[in-house]
Enquirer: 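Below is one structure. I have some questions about it.
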Amino acid sequence: MAIECISSIQSVPQTQKNHKEEEEPPLVFDASLLRHQLHLPRQFIWPDEEKPCMNVPELLVPLIDLGGFLSGDPIATMKAARLVGEACQKHGFFLVVNHGIDPKLISHAHSYMDDFFEIPLSQKQRAQRKTGEHCGYASSFTGRFSSKLPWKETLSFQYSAEEKSSTIVKDYLCNTLGQEFEQFGKVYQDYCDSMSTLSLGIMELLGMSLGVGKVFREFFEENSSIMRLNYYPPCQKPDLTLGTGPHCDPTSLTILHQDQVGGLQVFVDNEWHSISPNFNAFVVNIGDTFMALSNGRYKSCLHRAVVNSKTTRKSLAFFLCPNSDKVISPPSELVNDLTSRVYPDFTWPMLLEFTQKHYRADMNTLEAFTNWLQHKRN
Ligand SMILES: C=C1C[C@]23C[C@@]1(O)CC[C@H]2[C@@]12CCC[C@@](C)(C(=O)O1)[C@H]2[C@@H]3C(=O)O
Ligand SMILES: O=C(O)CCC(=O)C(=O)O
Ligand SMILES: [Fe+2]
């Protein structure tokens, strides 16, 4: 089983929709119908080498207690920074507990997802994500790609920590979905504010672990991040498809909360591993932008999500991103005679444009982006 999965790791860029395929009747991912369907449309059937393995070993990730760090205990802080550093050198995934986020807010953030995803498709489409944009409602990627489509719906929105008390999330959700979504908007505004605060704490630990103090915390203090609600309907043929295909997050740091269903898998030591659900924990992982910021010391790791035939699965993903004018350039302490610069300077909007217009994110995004940038500059 594992061998089948190992060969799935390829670097072939995925097909964007082309003219010929646009002549086929448009494919619609209406979860209320597809969840019962025994025959999956061909676009959702992944190639054999990439089909999921369900019974995979569990990934041993450290459970990092942030309680001591958040209350200013220096010994606990050093321990947390050491564990974060070790995990990020190996694969870039770890769990945090005692993170200070109100469990009621987490529960609400999960339950309010049903308020949106269970309304009729035509109403969800009020927030339809447009081609080339990364925010809004997407039912799979039917308008964007013609193969290896993910079995999921997403609602994504922009977050800004630039101004204190910004209401960007609440305003966007209310304006696009209507006043009846005011409470919905408030929940995700609060959730994003909490995620931004938590991510700054984690950035402080990452900085300590790399010997650069609060440099990263300060770099992300005015972040312009992305929040994504992932909603995976049941699938009658879960062994043929994937909820989220294999990819490394192009962003800087992801803080994910998955519900009790399970489905997140990470590719480590040449095989897929699961990360079991834990309500008290957030799953944290390094993205490509932080890998570049750390001059390649910390890893952005390949991961995916599988679906199942019985239960809808939900996950909440906060993607920390730098403000658009910030240049991704590692601190001088991380560049020396032994480790010269691994990646060129870039800004987050440049990488975002690359993944939206030129390349479907996979495990080689950062390398492909680096080559693309160098060609453009020469
Ligand atoms: C499944 C995917 C959606 C995504 C591109 C990808 O293939 C892998 C990463 C995803 C993500 C997460 C953060 C925001 C986003 C815009 C990005 O840069 O990477 C999305 C991509 C997307 O929705 O297009
Ligand atoms: O739902 C999950 O567990 C993973 C989702 C993910 O990787 C993503 O949204 O980037
Ligand atoms: Fe991801």
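Heavy atoms only: backbone and side chains are in, while hydrogens, waters and symmetry mates are out. Every number for a ligand or one of its atoms is a count from 1 in the order of the listing.
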Enquirer: Out of all atoms in ligand 1, which are within 4.0 Å of some heavy atom of Ile226? Include the element for each.
Expert: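 Once the distances to Ile226 are compared, the set is 14 (C).
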Enquirer: State which residue, out of Tyr191, Phe318, Phe279, fulfils the ring-ring contact (aromatic ring centres under 6.0 Å, His included) condition with His257.
Expert: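 For His257, the ring-ring contact (aromatic ring centres under 6.0 Å, His included) test succeeds with only one of Tyr191, Phe318, Phe279, which is Phe279.
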Enquirer: With rounding to the nearest 0.5 Å, note down the distance linking CZ in Phe157 to CG in Leu173.
Expert: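 So the gap between those two atoms works out to 5.0 Å.
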Enquirer: For ligand 2, which atoms, with element, lie under 4.0 Å from some heavy atom of Leu264?
Expert: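 This gives 3 (O), 4 (C) as the contact atoms.
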Enquirer: Quick check against the 3.5 Å criterion: does Lys51 have a side-chain atom that pairs as donor or acceptor with the backbone of Trp46?
Expert: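 Flag set: sc Lys51 to bb Trp46 pair under 3.5 Å.
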Enquirer: Atoms of ligand 2 less than 4.0 Å from His303 heavy atoms?
Expert: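 Answer for ligand 2: 7 (O).
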Enquirer: So, are Glu86 and Lys90 salt-bridged, with charged N and O less than 4.0 Å apart?
Expert: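 Here Glu86 does not pair with Lys90 in a salt bridge, since their nearest N and O are not under 4.0 Å apart.
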Enquirer: Can you tell me if His36 has over 12 outside heavy atoms packed within less than 6.0 Å of its NE2?
Expert: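 Above 12, so yes.
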Enquirer: Which ligand 1 atoms, with their elements, are less than 4.0 angstrom from a heavy-atom of His134?
Expert: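 Those atoms are 16 (C).
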Enquirer: Without hydrogens or angle criteria, can the side chains of Asn308 and Tyr232 be said to hold a donor-acceptor pair below 3.5 Å?
Expert: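 Side chains of Asn308 and Tyr232: no pair found under 3.5 Å.
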Enquirer: Closer than 4.0 Å to some heavy atom of Ser315 - which atoms of ligand 2 meet that?
Expert: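 Once the distances to Ser315 are compared, the set is 1 (O), 2 (C).
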Enquirer: Flag yes if more than 12 heavy atoms outside Met78 fall under 6.0 Å of its CE atom; otherwise flag no.
Expert: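 Atom CE in Met78 is not crowded, with 12 or fewer foreign heavy atoms closer than 6.0 Å.
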Enquirer: Going by the atom numbers of ligand 2, which of them fall below 4.0 Å from some non-hydrogen atom of Tyr232?
Expert: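 Reading through ligand 2 atom by atom, the close ones are 1 (O), 2 (C), 4 (C), 5 (C).
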Enquirer: Consider ligand 2: state whether an atom of it lies below 4.0 angstrom from any non-hydrogen atom of Gln258.
Expert: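 False for this residue.
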Enquirer: How does Phe318 reach ligand 1, by side chain, by backbone, by both or by neither, if only non-hydrogen atoms under 4.0 Å count?
Expert: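 For Phe318, there is no contact with ligand 1 at all, from either part.
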Enquirer: What about Ile275 and Val84, same hydrophobic cluster or not, with Ile/Leu/Val/Met/Phe/Trp/Tyr joined at side-chain heavy-atom distances under 4.5 Å?
Expert: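 Unlinked, Ile275 and Val84 end up in two clusters.
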Enquirer: For the residue pair Gln123 / Tyr137, report whether a side-chain donor-acceptor contact shorter than 3.5 Å exists.
Expert: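 Absent: no donor and acceptor within the cut-off.
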Enquirer: Please work out, at 4.0 Å between heavy atoms, whether the side chain, the backbone, both, or neither of Thr254 comes within that distance of ligand 2.
Expert: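 Looking at Thr254 and ligand 2, no heavy atom falls under 4.0 Å.
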Enquirer: Report the part of His303 in contact with ligand 1, treating N, CA, C, O as backbone and CB onward as side chain, heavy atoms under 4.0 Å; options are side chain, backbone, both, neither.
Expert: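 Neither part.
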Enquirer: If you measure from atom 15 (C) of ligand 1 to every heavy atom of Glu133, Met227, Arg228, which option wins on shortest distance?
Expert: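 Residue with the shortest heavy-atom distance to the ligand atom: Arg228.
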Enquirer: At less than 4.0 angstrom from any non-hydrogen atom of Phe319, what atoms of ligand 2 do you find?
Expert: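 Checking each atom against Phe319, I get 8 (C), 9 (O), 10 (O).
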Enquirer: To which protein heavy atom is atom 9 (O) of ligand 2 closest, and what is the distance rounded to 0.1 Å?
Expert: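 Closest protein heavy atom to atom 9 (O) of ligand 2: Asn230 ND2, 3.1 Å.
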Enquirer: Return the closest protein heavy atom for atom 22 (C) of ligand 1 as residue, atom name and distance.
Expert: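 Its nearest protein heavy-atom neighbour is Arg129 NH2, 3.3 Å.
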Enquirer: Hey, what do you get for CD (Glu182) to CG (Leu177), rounding to the nearest 0.5 Å?
Expert: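 With rounding to 0.5 Å, CD (Glu182) is 12.5 Å from CG (Leu177).
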Enquirer: Closer than 4.0 Å to some heavy atom of Arg144 - which atoms of ligand 1 meet that?
Expert: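 Those qualifying, in numeric order: 22 (C), 24 (O).
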Enquirer: Considering only the protein, which heavy-atom contact is closest to atom 3 (O) of ligand 2, and what is its distance?
Expert: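 Here the nearest protein heavy atom works out to Arg313 NH2, 2.8 Å.
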Enquirer: At a 4.0 Å threshold, what atoms of ligand 2 neighbour a non-hydrogen atom of Asp249?
Expert: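 By the 4.0 Å cutoff, the relevant atoms are 10 (O).
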Enquirer: Please find the N/O/S atom of His303 nearest to the Fe ion (ligand 3) and write down its name.
Expert: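 Going through the N, O and S atoms of His303 one by one, NE2 ends up nearest to the Fe ion (ligand 3).
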Enquirer: Which heavy atom of the protein is the closest neighbour of atom 12 (C) of ligand 1, given with residue, atom name and distance?
Expert: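 So the nearest neighbour among protein heavy atoms is Phe319 CZ, 3.5 Å.
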Enquirer: Spell out, as yes or no, whether a donor-acceptor pair under 3.5 Å connects the side chain of Thr154 to the backbone of Ser156.
Expert: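 A pair under 3.5 Å: no.
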Enquirer: Rounded at 0.5 Å granularity, tell me how far CG in Leu206 sits from CZ in Phe216.
Expert: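 These two atoms lie 7.5 Å from each other.
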Enquirer: What do you reckon, does His247 put a non-hydrogen atom under 4.0 Å from ligand 2?
Expert: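 Yes.
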Enquirer: Check contact between Arg304 and ligand 1, using heavy atoms of the residue and a distance below 4.0 angstrom.
Expert: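 It does not; every heavy atom stays at 4.0 Å or beyond.
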Enquirer: Just to confirm my output: which protein heavy-atom neighbour is closest to atom 19 (O) of ligand 1, and how far is it?
Expert: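 Protein heavy atom at minimum distance: Pro250 CD, 3.1 Å.
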Enquirer: Output the list of atoms in ligand 1 that are nearer than 4.0 Å to some heavy atom of Gln356, sorted by atom number.
Expert: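 Result: 16 (C), 22 (C), 24 (O).
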Enquirer: Between His91 and Asn285, is a side chain to side chain donor-acceptor pair (under 3.5 Å) present by the stated rule, with each step listed?
Expert: CA-CA 9 Å; His91 43 58; Asn285 68 277; over 6 Å; no
Enquirer: Considering distance alone, does some N or O of Thr244 sit under 3.5 Å from an N or O of ligand 1?
Expert: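 The answer is no, given that Thr244 and ligand 1 share no N or O pair closer than 3.5 Å.
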Enquirer: Is it the side chain (CB and beyond), the backbone, both or neither of Thr154 that lies under 4.0 Å from ligand 2, heavy atoms counted?
Expert: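 For Thr154, no heavy atom sits under 4.0 Å from ligand 2.
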Enquirer: At a 4.0 Å threshold, what atoms of ligand 1 neighbour a non-hydrogen atom of Trp348?
Expert: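 Answer for ligand 1: 18 (O).
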Enquirer: Give, for atom CG of Leu334 and atom CG of Leu210, the distance between the pair rounded to the nearest 0.5 Å.
Expert: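 One finds 5.5 Å between CG of Leu334 and CG of Leu210.
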Enquirer: Under the salt bridge (charged side-chain N to carboxylate O under 4.0 Å, His left out) criterion, do Lys314 and Asp114 qualify, and how do the steps go?
Expert: CA-CA 9 Å; Lys314 294 182 245 180; Asp114 297 321; 3.0 Å; yes
Enquirer: Asp249 and Thr254: side-chain donor and acceptor closer than 3.5 Å?
Expert: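 Judged by distance alone, the side chains do pair up.
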Enquirer: So, taking the atom named CZ in Phe117 and the one named OG1 in Thr312, what distance separates them when rounded to the nearest 0.5 Å?
Expert: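 Phe117 atom CZ to Thr312 atom OG1 measures 11.0 Å (nearest 0.5 Å).
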Enquirer: Considering the heavy atoms of Leu352, write down every atom of ligand 1 situated less than 4.0 Å from one of them.
Expert: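 So the atoms of ligand 1 that pass are 16 (C), 18 (O).
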Enquirer: Report, in ascending order of atom number, the atoms of ligand 2 lying under 4.0 Å from any heavy atom of Leu256.
Expert: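 Every atom of ligand 2 under 4.0 Å from some heavy atom of Leu256: 3 (O).
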Enquirer: Tell me the protein heavy atom at minimum distance from atom 5 (C) of ligand 1, and give that distance in Å.
Expert: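 Answer for atom 5 (C) of ligand 1: Ala361 CB, 3.9 Å.
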Enquirer: For atom 9 (C) of ligand 1, grab the closest protein heavy atom and report residue, atom and distance to one decimal in Å.
Expert: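 Going atom by atom, the protein heavy atom closest to atom 9 (C) of ligand 1 ends up being His247 CD2, 3.5 Å.
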Enquirer: Check all N, O or S atoms of Asp249 and name the one closest to the Fe ion (ligand 3).
Expert: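 So the atom name we want here is OD1.
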Enquirer: For the hydrophobic clusters of this structure (ILVMFWY residues joined by side-chain heavy atoms under 4.5 Å, transitively), does one cluster hold both Leu33 and Phe116?
Expert: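 No, Leu33 and Phe116 fall in different hydrophobic clusters.
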